[in-house]
**Q** 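Please see the structure below; I have some questions.
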Amino acid sequence: MEPYEPDTIERHWQEVWERERTWEVPNPGQPDFDDSAPKSYVLEMLPYPSGEPHIGHLKVYSVGDAVAHYMRRRGYRVLHPMGYDAFGLPAENHAIKTGEHPRASTDGAIASFARQFRRWGISIDWSREFGTHEPSYYRWTQWIFLKLYSRGLAYRKDAAVMWCPKDATVLANEQVIDGRCERCGTPVEARQLEQWFFRITDYADRLLEDLDCIDWPEHVKTMQRNWIGRSEGAEVVFRCEEPAIDFPVFTTRPDTLFGATFFVLAPEHPEAERLAAGTEYEDAVRDYVNEALRASAEERGAEEREKTGVPLGRTVVNPVNGEQIPAFVADYVLMEYGTGAIMAVPAHDARDYEFAKAHDLPIRQVIRQSEPAGEDSARDELPYMGDGVMVDSGRFDGRDNREAYEEICDWLEAERRGRRSIHYRLRDWLISRQRYWGCPIPIVYCEQDGAVPVPEDDLPVLLPDVEDFAPKGKSPLATAEDWVSTTCPTCGGPARRETDTMDTFVDSSWYFLRYCDARNETAAWDRAVLGSWMPVDQYIGGVEHAILHLMYARFFTKALADLDLLDAREPFESLFTIGMITRDGAKMSKSRGNVVDPADYVERFGADTARCYVLFIGPSDQDADWTDKGVEGVHRFLGRLWRLKEEVVERTGAASGAAPVDDPSSDEARGLLRKSHWAIDKVTRDIERGFQFNTAIAAVMELVNEAYRRKAELYGDPVGEAALRFATATAGSLLFPFAPHLGAEVYEAIAGERVWEEPWPRPDPAFLESDTFTLVVQVNGRLRARVEASVDAAEGELLELARSSDAVKRQLDGKEVVKEIVVPGKLVNLVVR
RNA sequence: GCGGACGUGGCGGAACUGGUAUACGCGCCAGGUUUAGGUCCUGGUGGGCCUCACGGCCCAUGGAGGUUCGAAUCCUCUCGUCCGCACCA
């Protein structure tokens, strides 16, 4: 008997798959295209190539590969591609430190990743592989930019932007976490710069609504909804008479307008200083504004911060009652949201309440929880944010606030003092980066014609080589004078190229489209080919991309559909998020020194063990803790299956088939066949029911254990041996999606066939059903006995059987049975008194 | 503060629509093969109590109530852990 040597068998099968290009799948119009088969696009999020793949990659691709294998054997033509998200900061920072060109380090990392993925035996169609840094890819990234530009969905604007002083680049809103740079943790600063944006806010409503029609985890949808942050309300104009300025404010509570007792501007509000000019507060306002602007976003966002602010020395008019209310500037009002000005209703808003208390301002309750019973009825505790009856609200007194809401809006619109309005938290997507290692923006600037798009035929705008990658507040590309200096496509005069590059999230917002037609040299994709694959049926990846990547990719898909370039409405029909693998309960990190390198385990135990273990450790969508003992356990199991196969081949012959047995002659054979069909059924259901690979693998373990226990009795009997062969081959077949090499090896050794060419097995119902079952007998809901009963026994018979058990008799002794519950096929419960 | 997820043996975790709690694996214990050990094979293993034994009884799914013939599962309250978002008007 040969020992289990994963290295040998894994290399053998990898060579077969490589040589025969087993996992390549043709597009429509290509040879061997099978249009009778339904399609399935199985995609894992593309890796960012840096160093070597880590344990998270092993988990994501093990899950994805299991899905891909399963779908293929269910008769689907499966697209399962791979590529690399190759532009970006880490490679550039590495270049700044070492001088090594980002292209060199990136290509090195890609080679490592490609080698590892092959060593893991992941079933990828390698003919579609690409990196987003290749001109043959980013040419089309630029083309998409131009398409968006042509629709006004890409635009340039001078804007206050978030700037990371350490990385010396602008950041997207989404990349600022608690006022700090997402990457390096440096507090961000505000800067005014000309920047490129994508108009994602045009799609806010559709991005929100269409969440209802995709099969994504609820928590991911919730995060996206919160991020879009739609709120309905009204914009109401508060007029200042001296100087004469109209201030629109956004409120979700126009029903509390009568309770507005003051008015507040954000320090960044362009009119703040002008308003205070000429009043006794002029200097105080200027000082306050300067102080607020200097304070970092982090300081301003700090929790439990006192509500500071200063008067502007002016009043504005509350349009509903003509009241003059005092105006303030205070930094608890944010310029980024709404209009940068608010009406303050201290009785019904916690923040306004705090400010009013701190500055001794009037608080007027205009909504009561219930109708006041009398003069001295208990007052509601303020601030009161709930609904109720309006008071002190002129002609609305006594009305329900929800009902009056609409009338107040109608009145505002009729009087032209405001209008219904919807605001979003979502901002347009800032895509300019003052960085080298990214996709150049295909725009040139001409004295005469301004910003001019590079003609499609001139794409790609190649990323030039430069000497110095270090950012200096403007893009390193600015130093490539030969490249920057060009001619205007419109007038032919001198022009200069845009030197910013695109955010790398742009690259990864459409890569799943390119896979469909990756070798197309004349177009980003052929629409018919794209239509034959899109949308992605199963997307798999980490939850850390729940907002950014997934929102951007959805936006691109919708925008490109509107440009009539594709037909999909959503890119990812179904999403599965992978839980993190921890070590000793903590996130793996170099500083903790608890990093598990998948390569070590693949070398020691083989890829099958490593892959099976990450699937067996627990439900794939949950976090799981890595233990070496657990890996050994899985390895032991694979060795057990290997030895079973060796022994069965030795004693019953090699590769002579593993036909199902339908008329077993012995109880031993029947028992093993029952277990085999049970396992087929269980594994199939576990995969179908939300990828429960941990219990699926456990079922194969049970099958192998059963074969071990019964095998001694089965040798010598032809039917018994056939049952044993079937069980062993079935174990290999069921394990194949998780441990493809061993699965293929075992199946071929017994059945003489290639398991991936075999359809996914179906359980034989004759072996799933049984003539008898274990009847559970309860007395007062407590388990008292188990008896074998015939499946077609009538209720009366079951009751009789239940009562005949000694243990039950003892329980019934001297008591009266007041109720009998019979669940056919399951249990009998006798209620006694 | 708001929103979401989750609490089950010594450990990772099972339990489909309320119906045998603890599958499978780790660990531990015992036996067997080989024997120097490991590997490998078989069996046992939630806690407590009674019994020479067969067997039996009681208690256990974070805690407290409730619904039900029957609750890990449903409801109410509560404690704890983790993850989002957070001065969003």
Side-chain angles (χ1 to χ4, degrees), chain A residues 3 177-178 217-227 229-231 233 249-253 256 264 266 300-305 307 330-334 336-345 348-352 354-355 423-426 543-544 546-547 579-580 585 613 616-619 621-634 636-637 639-640 643 682 685-686 689 692 694-702 704-705 708-709 712 774-786 806-807 810-811 818-823 825-832:
Chain A
I177 311 291
D178 291 334
E218 208 44 53
H219 69 278
V220 175
K221 289 189 185 182
T222 304
M223 279 194 240
Q224 294 225 338
R225 284 190 193 104
N226 291 345
W227 194 260
R230 178 189 155 106
S231 26
V249 307
F250 176 68
T251 177
T252 52
R253 295 294 304 276
T256 63
V264 191
R300 274 185 70 178
E303 219 172 326
E304 302 291 316
R305 193 157 178 272
K307 295 277 177 292
D331 69 1
Y332 80 92
V333 174
L334 308 175
E336 311 88 81
Y337 191 79
T339 61
I342 62 152
M343 66 171 201
V345 184
H348 305 292
D349 181 283
R351 296 150 300 172
D352 297 343
E354 271 182 62
F355 189 83
H423 277 246
Y424 301 89
R425 212 182 77 109
L426 185 70
V543 74
E544 65 273 16
I547 299 173
M580 208 178 27
Y613 176 64
F616 181 67
I617 190 169
D621 56 349
Q622 287 172 28
D623 292 351
D625 206 57
W626 180 283
T627 62
D628 285 0
K629 284 290 182 192
V631 182
E632 286 165 26
V634 169
R636 203 171 295 149
F637 158 64
R640 241 164 108 75
R643 287 188 298 276
K682 172 82 174 143
R685 280 185 297 117
D686 284 349
R689 184 161 54 91
Q692 300 199 13
N694 55 332
T695 50
I697 293 169
V700 184
M701 287 174 170
E702 287 195 52
V704 172
N705 289 346
Y708 265 80
R709 276 192 291 268
T774 307
L775 177 71
V776 170
V777 186
Q778 297 179 336
V779 177
N780 283 349
R782 316 182 90 111
L783 175 73
R784 294 301 174 189
R786 281 177 248 243
D806 288 345
R810 259 198 308 280
Q811 294 294 327
V818 295
K819 196 169 182 184
E820 293 165 332
I821 288 130
V822 181
V823 182
K826 273 243 168 72
L827 63 77
V828 166
N829 187 13
L830 303 171
V831 184
V832 301

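In what follows, chains are A, B, ... by sequence order, proteins preceding strands, each numbered from 1.
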**Q** Check the distance between B:rC26's C1' and A:D628's CG and give it to me in whole angstrom.
**A** 12 Å

**Q** B:rC24 and B:rG44: how far apart are their P atoms, nearest whole angstrom?
**A** 10 Å

**Q** Using a cut-off of 4.0 Å on non-hydrogen atoms, how would the nucleic acid contact of A:G630 be classed: base, sugar-phosphate, or nothing?
**A** nothing

**Q** Quick one: side-chain hydrogen bond (donor to acceptor under 3.5 Å, both in side chains) partners of A:R643, sequence neighbours excluded?
**A** none

**Q** Classify A:Q224 by what it touches in the nucleic acid, base, sugar-phosphate, or nothing, heavy-atom distance under 4.0 Å.
**A** nothing

**Q** Taking a pair as Watson-Crick or G-U wobble with both distances under 3.5 Å, which nucleotide is matched to B:rC82?
**A** B:rG4

**Q** For A:T774 and A:A699, find the nucleotide of RNA chain B closest to each by heavy atoms; which residue's nucleotide sits nearer the 5' end?
**A** A:T774

**Q** How close do A:N829 and A:G781 get, heavy atom to heavy atom, and via which atoms?
**A** OD1-N, 3.0 Å

**Q** Taking the same atom, P, in B:rG62 and in B:rG55, what whole-Å distance lies between them?
**A** 31 Å

**Q** Distance check, P atoms only: B:rG48 and B:rC85, in whole angstrom units.
**A** 47 Å

**Q** Determine the Euclidean distance between corresponding C1' atoms of B:rU81 and B:rG32; express it in Å to zero decimal places.
**A** 46 Å

**Q** Check this one for me: any side-chain N or O of A:K826 less than 4.0 Å away from OP1 or OP2 of B:rG19?
**A** no

**Q** Calculate the interatomic distance between A:H348 atom NE2 and B:rC87 atom P; express it in whole Å.
**A** 23 Å

**Q** What is the nucleic acid contact for A:E702, judged by heavy atoms within less than 4.0 Å: base, sugar-phosphate only, or nothing?
**A** sugar-phosphate

**Q** Whole angstroms only, please: what is the CZ-P distance between A:F637 and B:rC26?
**A** 11 Å

**Q** Could you give the distance separating B:rG66 and B:rC52 at their P atoms, to the nearest angstrom?
**A** 40 Å

**Q** Report, one pair per line, the protein and nucleotides 53-57 of chain B atoms (nitrogen or oxygen only) whose separation is under 3.5 Å.
**A**
from: B:rC57; atom 1: OP1; to: A:R784; atom 2: NH1; distance (Å): 3.1
from: B:rC57; atom 1: OP1; to: A:Q811; atom 2: NE2; distance (Å): 3.1

**Q** Taking syn as any angle within 90 degrees of 0 and anti as the rest, which one fits B:rG4?
**A** anti

**Q** What is the separation between atom CH2 on A:W626 and atom P on B:rC26, rounded to the nearest whole Å?
**A** 15 Å

**Q** Under 4.5 Å between any side-chain heavy atoms of A:T222 and A:Q224, yes or no?
**A** no

**Q** Of all residues at least two apart in sequence or in a different chain, which pass the side-chain hydrogen bond (donor to acceptor under 3.5 Å, both in side chains) check with A:R636?
**A** none

**Q** Just jot down the salt bridge (charged side-chain N to carboxylate O under 4.0 Å, His left out) partners of A:R253, sequence neighbours excluded, or say none.
**A** A:D255

**Q** Partners of A:E820 by salt bridge (charged side-chain N to carboxylate O under 4.0 Å, His left out), sequence neighbours excluded?
**A** A:R803

**Q** Quick one: are A:V828 and A:V776 in side-chain contact, heavy atoms under 4.5 Å?
**A** no

**Q** Any strand counts, and the cut-off is 3.5 Å on both contacts for Watson-Crick or G-U wobble. Which nucleotide pairs with B:rC74?
**A** B:rG66

**Q** Validate the cation-pi geometry between A:K307 and A:Y332: distance from NZ or CZ to the six-membered ring centre under 6.0 Å, angle to the ring axis within 45°.
**A** yes

**Q** Under the 3.5 Å rule, do the base of B:rC85 and the side chain of A:N226 count as making a donor-acceptor pair?
**A** no

**Q** Using both distances under 3.5 Å as the test, list the Watson-Crick or G-U wobble partner of B:rU34, or none.
**A** none

**Q** Taking the C1' atom in each of B:rC54 and B:rC59, what is the distance between them to the nearest angstrom?
**A** 24 Å

**Q** Please give the distance between the C1' atoms of B:rG27 and B:rG10 as a whole number of Å.
**A** 8 Å

**Q** Would you say A:L830 and A:Q778 make side-chain contact, with heavy atoms under 4.5 Å?
**A** no

**Q** Checking base pairs now: Watson-Crick or wobble, both atom distances under 3.5 Å. What partners B:rU61?
**A** none

**Q** Under 3.5 Å for both donor-acceptor distances, Watson-Crick or wobble: does B:rG12 have a partner, and if so which one?
**A** B:rC24

**Q** Mapping A:L827 and A:I821 onto RNA chain B by nearest heavy atom, which one lands closer to the 5' end?
**A** A:L827

**Q** Excluding sequence neighbours, so at least two apart, what forms side-chain contact (heavy atoms from CB on, under 4.5 Å) with A:A624?
**A** A:I617

**Q** Rounded off to whole Å, could you give me the CD1-to-P distance for the A:I547 and B:rG3 pair?
**A** 18 Å

**Q** Roughly, in whole Å, what's the span from CG in A:D686 to P in B:rA23?
**A** 16 Å

**Q** Restricting to nitrogen or oxygen on both sides, can you table the protein-nucleotides 36-40 of chain B pairs closer than 3.5 Å?
**A**
from: B:rC40; atom 1: O3'; to: A:R643; atom 2: NH2; distance (Å): 3.4

**Q** Which pair of non-hydrogen atoms, one from A:A344 and one from A:V264, has the smallest distance, and what is that distance?
**A** CB-CG2, 4.4 Å

**Q** Sequence neighbours left out, what passes ring pair (Phe, Tyr, Trp, His ring centres under 6.0 Å) with A:F250? Give chain and number order.
**A** A:H423

**Q** Going 5' to 3' through nucleotides 4-13 of chain B, assign each nucleotide B (protein heavy atom under 4.0 Å from a base atom), S (under 4.0 Å only from sugar-phosphate atoms) or - (no protein heavy atom that close).
**A** S-------BS

**Q** Under a 3.5 Å cut-off for both distances, is B:rU17 Watson-Crick or wobble paired, and to whom?
**A** none

**Q** Under the rule for side-chain hydrogen bond (donor to acceptor under 3.5 Å, both in side chains), what residues qualify as partners of A:R640, not counting sequence neighbours?
**A** A:N705

**Q** What residues form a side-chain hydrogen bond (donor to acceptor under 3.5 Å, both in side chains) with A:Y337, not counting sequence neighbours?
**A** A:S231

**Q** Starting from C1' on B:rA86, measure out to CZ on A:R425 and report it in whole angstrom.
**A** 8 Å

**Q** Picking from B:rC58, B:rG19, B:rG27, which would you name as closest to the side chain of A:K629?
**A** B:rG27

**Q** Can you sort out the partners of A:V832 under side-chain contact (heavy atoms from CB on, under 4.5 Å), two or more places apart, ordered by chain and number?
**A** A:V779, A:N780, A:L812, A:K815, A:V817

**Q** Both distances under 3.5 Å, Watson-Crick or G-U wobble: report the partner of B:rC52, or none.
**A** none

**Q** Rounded to the nearest Å, what distance is computed from the CD atom of residue A:E632 to the P atom of nucleotide B:rC26?
**A** 10 Å

**Q** Mind checking if A:N829 touches a base, just sugar-phosphate, or nothing, with heavy atoms under 4.0 Å?
**A** base

**Q** From C-beta outward on A:Q692, which listed nucleotide comes closest to its side chain: B:rA89, B:rC85, B:rA15?
**A** B:rA15

**Q** Determine the interatomic distance between P on B:rG18 and the same-named atom on B:rA71; round to the nearest Å.
**A** 13 Å

